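Read through the structure below, which is laid out as structure tokens, and then see the notes.
No experiment lies behind these values; they were computed from the predicted model shown. Below, read A as the first sequence line, B as the second, and so on, with proteins coming before strands; counting in each chain starts at 1.
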Amino acid sequence: MDSKFEHKKIEEKILKRWEEGNYFHAERDPKKKPFTIVLPPPNASGKMHTGNVLMIAIEDLLIRWKRMQGYSALWLPGTDHAGFETQTTFERELRKKGKSRFDYDRNTLYSMIWNFVQENKGLIETQIRQMGASVDWSRYTFTLDNDAVDIVLSTFEKMEKEGLVYRDDYVVNYSFKWGTTFSDAEITFKERKDPLYYIKYGPLTVATVRPETKLGDTALAVNPKDKRYKNFVGKVIEFEDVTGPNSLKVIADSYVDPKFGTGVLKVTPAHDKNDFEIGIRHGLEVKNVISTDGRMSANAGKYADLKVLEARKQITEDLQALGSIEKIDESYEHLVPVDYRSEDYIEQLVLPNWFIKVDHPKKSLKKPALDVVKQKKLKIFPKWREITYTRWVENMHDWAISRQVVWGIRVPAWYKLDENPEITLAFLDDTGNFITGKAGELLKDYSLETIEKGLQTLYAPKSSKYVVSKTSPGTGYLQETDTFDTWFSSGQWPLVTLRYPNSEDYKYYYPTSVLETGWEIVTRWVSRMVMFGIYLTGDVPFHEVYLHGHIRAIDGKKMSKSLGNVINPEEYMEKYGVDALRMGLISGTANGKDFNFPRDKIIGYRNFANKIWNMTRFMLMMMEKEDITKYADLILPSKEAEKAMSKKDKEVLKGLEGLIKKVDKNLVKYRFADAGEDIYQFMWHEVADNYIEHVKNLEDKKVSLGVLHHVMTECLKLLHPFMPFVTEAIWQEIPRADSVDLAASPWPQA
RNA sequence: GGGGAAUUAGCUCAGUGGUUUAGAGCACUCGGUUUACAUCCGAGGGGUCGUAGGUUCAAAUCCUACAUUCCCCACCA
């Protein structure tokens, strides 16, 4: 053995050994109990970050521990298509070539992104492997694999059949220029100076920069704590409007800032996100006054078909004529949303989206998701995180599952164009020109084939007729261009990875044992998996949830590119080894709280790896001197050997027994850092500093070396799930009863 | 604005059901080349547990308020 433990020399060798042994492949065995974890799928085209490392370290620890305990331990790997994120990354690449997503039809863009992901997919997979993650690669799933997609589509079909799916309006960021929606992350805000109009609504006055949206007002709102307007709450205000006599109800909502303007807000649910939310809270009507073509809609009455800014001008003049404008603040500066590409104005519009009912009277998704937590069929660790889950699920309203991005699973709904002339289409014609308009008009000039081939987006009004089907229901149909929210598909991840509903794996391994992930996606991901799991199978998708904390940068701040404090885990793997990095991160998170990147601990555990390496060397050296060269030469602890044992021998054996108990106890409670710390303290300070120093000076070492051999091999087993590489490497050096590798060895019994 | 959490040694953090002298790692001081390991060994210094009250025989731990910090969600008509 080398005098130092050199991780770089052994990591690759050990990996090969494990793979040749096929230890990570789980066999369904009726005699064994299953233990299953699904790996939260990292972005397929991304690379390993510190959060992934921690996640893998914890899950591998659990899986190796249970595998050694004799469970059929299955760790299901996979990667996520990461819809929006990947599309954005890809578009950045396109921009470098002077192109954008608007230069391509939907299908071409999709296959370009597909190829991009395939080219970049290898990195994260290699890194998962290098981490020593004992995942079962034979059961690998990518979220866009055909059979994975098929399960997701079947779920949608089932939900549609059972009345859980509906289409409704939802506020989106819409660009008239590009004829498409933009996600929140694609929006930036630009500072602009606009006149702020103080408009009279009978006895009340409202400050707004957008008088034209008053046509879509369906209430006035004040803050419930605002004494000035207390008497108006609940009353209906009557006033003379530009369209004639009008009336609006006054509601109280804490969203309203009493300090802004007059403290009275006009609520326009159709054209403002916050107003939309207020509208939901108070059951207000959504009155759409602006269309996707950038003109006022039919609801705007005599202002219909005017462009937004023309309407603003006209309405302002009409208000002046009515004497309804109290004053105009010309120096008002505010931020307006613009698209990230051209900084062109973004309008908030309500457009039809696909929704899932979460509290359907017969098939509620929400209620059972809360019940299982209350009834402890699903346990959340650490316990104090539970409230995040329950509160969010309690307040959850219907879920908008459609997204206007290309990179994802397309909603399997089909519209017959000639039956839905009101559908808005955007496509590239045969010569690549961008065309947009209503289906009824466009079909006169373009063939369906041309439209389908060049199709970018399609907006079907709420009332459109559609057919849900995995494949085209016939000629004349166009498929919905919206894709599913990532969480709609990843919410079915435990079912997808186990190939619900007919596979043997599903029957044996479902429900899974533990779901381990970062706490920030409890609401978005965990809650959805619980909902889908119960909805489809009647049972929870996992019995326990463990939520780890976030790793902050060394300076205690959140890692971010702009601060330049992002830690690349590869650097630490390279420098200190995978084991040290894994163990260091695990020991940084004692109780699921956020923590700073524990560089000192990583170095400390690198030293520890070297320490146990040298303890082994020394033990072997002493054994050799005593002519103990094979397993059979050892006097191992037994009833008989006990008579010859000293107090020290018995003490260290007792210490080992206590350690095994402590480690098991802490692992059951997800107290990984404590378990790791216990092993560290025992091996270094009890075994090395105390016991080995004692044995060193003995005249007759035979009995004690047997004890030491036993203690060392048991400790290596305990440590293996934490630091798999160094323990396996040492294991190979020590004489043993059989040739079983450590990864396949049984867990110590106290 | 709504929600979650933190405040313990110079630094980073444990302290899980309320009880001896409040622990660990790093850093620091002193001393060590003994059959492995200087990525080592031995010894040591360092804390009125954020502040103020309260409950109790007993509080870092439970309760209340305040201060400071961090994070999540929603974000200004």
Side-chain angles (χ1 to χ4, degrees), chain A residues 1-6 184 189 194 196-197 206-210 213-214 217 220-221 223 225 253-257 259-268 271-275 277-278 332 334-336 382-389 391-392 395 518-524 549-550 552 554-558 576-577 580 584 587-622 624-625 665-666 669-671 673-674 676-678 680-681 684-685 688-690 692-693 695-697 701:
Chain A
M1 287 172 84
D2 294 332
S3 69
K4 276 182 189 170
F5 169 63
E6 307 216 32
D184 287 346
F189 290 85
D194 277 311
L196 182 66
Y197 302 92
V206 172
T208 180
V209 286
R210 305 202 54 193
T213 63
K214 86 190 300 289
D217 290 350
L220 295 175
N223 191 292
K225 287 181 190 152
D253 194 288
S254 54
Y255 166 74
V256 182
D257 178 1
K259 290 199 264 316
F260 186 89
T262 59
V264 185
L265 170 73
K266 63 188 222 33
V267 187
T268 323
H271 300 293
D272 185 283
K273 239 174 198 171
N274 298 302
D275 291 11
E277 295 290 326
I278 294 174
Y332 176 61
H334 65 146
L335 295 170
V336 293
K383 174 86 174 147
W384 54 269
R385 292 279 186 208
E386 197 181 286
I387 196 163
T388 315
Y389 174 92
R391 210 157 276 201
W392 193 84
N395 296 329
W519 54 265
E520 76 283 1
I521 50 178
V522 167
T523 53
R524 275 170 291 179
H550 260 174
R552 292 182 303 248
I554 293 169
D555 57 12
K557 298 218 174 79
K558 194 178 164 177
Y576 304 111
S587 69
T589 175
N591 48 15
K593 275 192 310 204
D594 292 354
F595 60 102
N596 299 356
F597 186 80
R599 190 180 53 197
D600 292 347
K601 284 188 174 155
I602 292 165
I603 297 170
Y605 282 111
R606 186 274 313 259
N607 296 351
F608 181 53
N610 186 60
K611 182 72 189 181
I612 59 174
W613 178 264
N614 273 292
M615 283 163 72
T616 310
R617 274 180 71 204
F618 191 48
M619 178 180 81
L620 294 176
M621 204 187 275
M622 288 192 291
E624 210 169 314
K625 288 212 168 131
K665 210 171 114 195
N666 278 321
K669 288 194 291 186
Y670 297 97
R671 300 287 305 195
D674 293 349
E677 182 75 4
D678 287 340
Y680 175 93
Q681 290 296 335
W684 199 317
H685 301 302
D689 292 348
N690 194 333
I692 290 182
E693 288 301 317
V695 175
K696 199 192 257 188
N697 300 317
K701 299 188 174 71

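- Residue-level contact check: A:K665 touches neither bases nor backbone, having no heavy atom under 4.0 Å from any strand.
- Heavy atoms of A:R599 sit nowhere under 4.0 angstrom from any nucleic acid atom.
- Using a 4.0 Å heavy-atom distance criterion, A:E693 is classed as a base contact.
- Across all strands shown, B:rC37 forms no Watson-Crick or G-U wobble pair with both key distances under 3.5 Å.
- Contact annotation for A:H271: no contact, since no heavy-atom pair falls under 4.0 Å across all strands.
- Nucleic acid contact for A:R606: base, since at least one base atom lies under 4.0 Å from a heavy atom of the residue.
- Contact annotation for A:D600: backbone-only contact, meaning every heavy-atom pair under 4.0 Å involves sugar-phosphate atoms and none involves a base.
- Using a 4.0 Å heavy-atom cutoff across all strands shown, A:R210 reaches no nucleic acid atom at all.
- Checked by distance alone, A:K669 brings a side-chain donor or acceptor within 3.5 Å of a matching partner on the base of B:rU16.
- Here A:N610 lies in heavy-atom contact (under 4.0 Å) with a base.
- Partner assigned to B:rA67 is B:rU7, using Watson-Crick or G-U wobble distances below 3.5 angstrom.
- Judged by Watson-Crick or G-U wobble contacts below 3.5 Å, the nucleotide B:rA14 has no partner.
- At a threshold of 4.0 angstrom between heavy atoms, the contacts of A:N274 are confined to the sugar-phosphate backbone, with no base atom among them.
- Here B:rG42 sits opposite B:rC30 as a Watson-Crick or G-U wobble pair (both hydrogen-bonding atom distances under 3.5 Å).
- Out of B:rU35, B:rC40, B:rG42, the shortest distance to the side chain of A:F618 is found at B:rU35.
- As judged by a 4.0 angstrom heavy-atom cut-off over every strand, A:D275 is placed among residues making no nucleic acid contact.
- Counting any heavy atom pair closer than 4.0 Å across all strands shown, A:W392 reaches no nucleic acid atom.
- Side-chain proximity of A:D674 to the nucleotides B:rA24, B:rA14, B:rC73 is greatest for B:rA14.
- The C1' atoms of B:rA74 and B:rA67 are separated by 26 Å, rounded to the nearest whole Å.
- Residue A:K593 is classed as a sugar-phosphate contact, given heavy-atom separations below 4.0 Å to backbone atoms only.
- As judged by a 4.0 angstrom heavy-atom cut-off over every strand, A:W384 is placed among residues touching the sugar-phosphate backbone only.
- With distances taken from any side-chain atom of A:N607 to the nucleotides B:rU39, B:rC37, B:rU35, the minimum falls on B:rU39.
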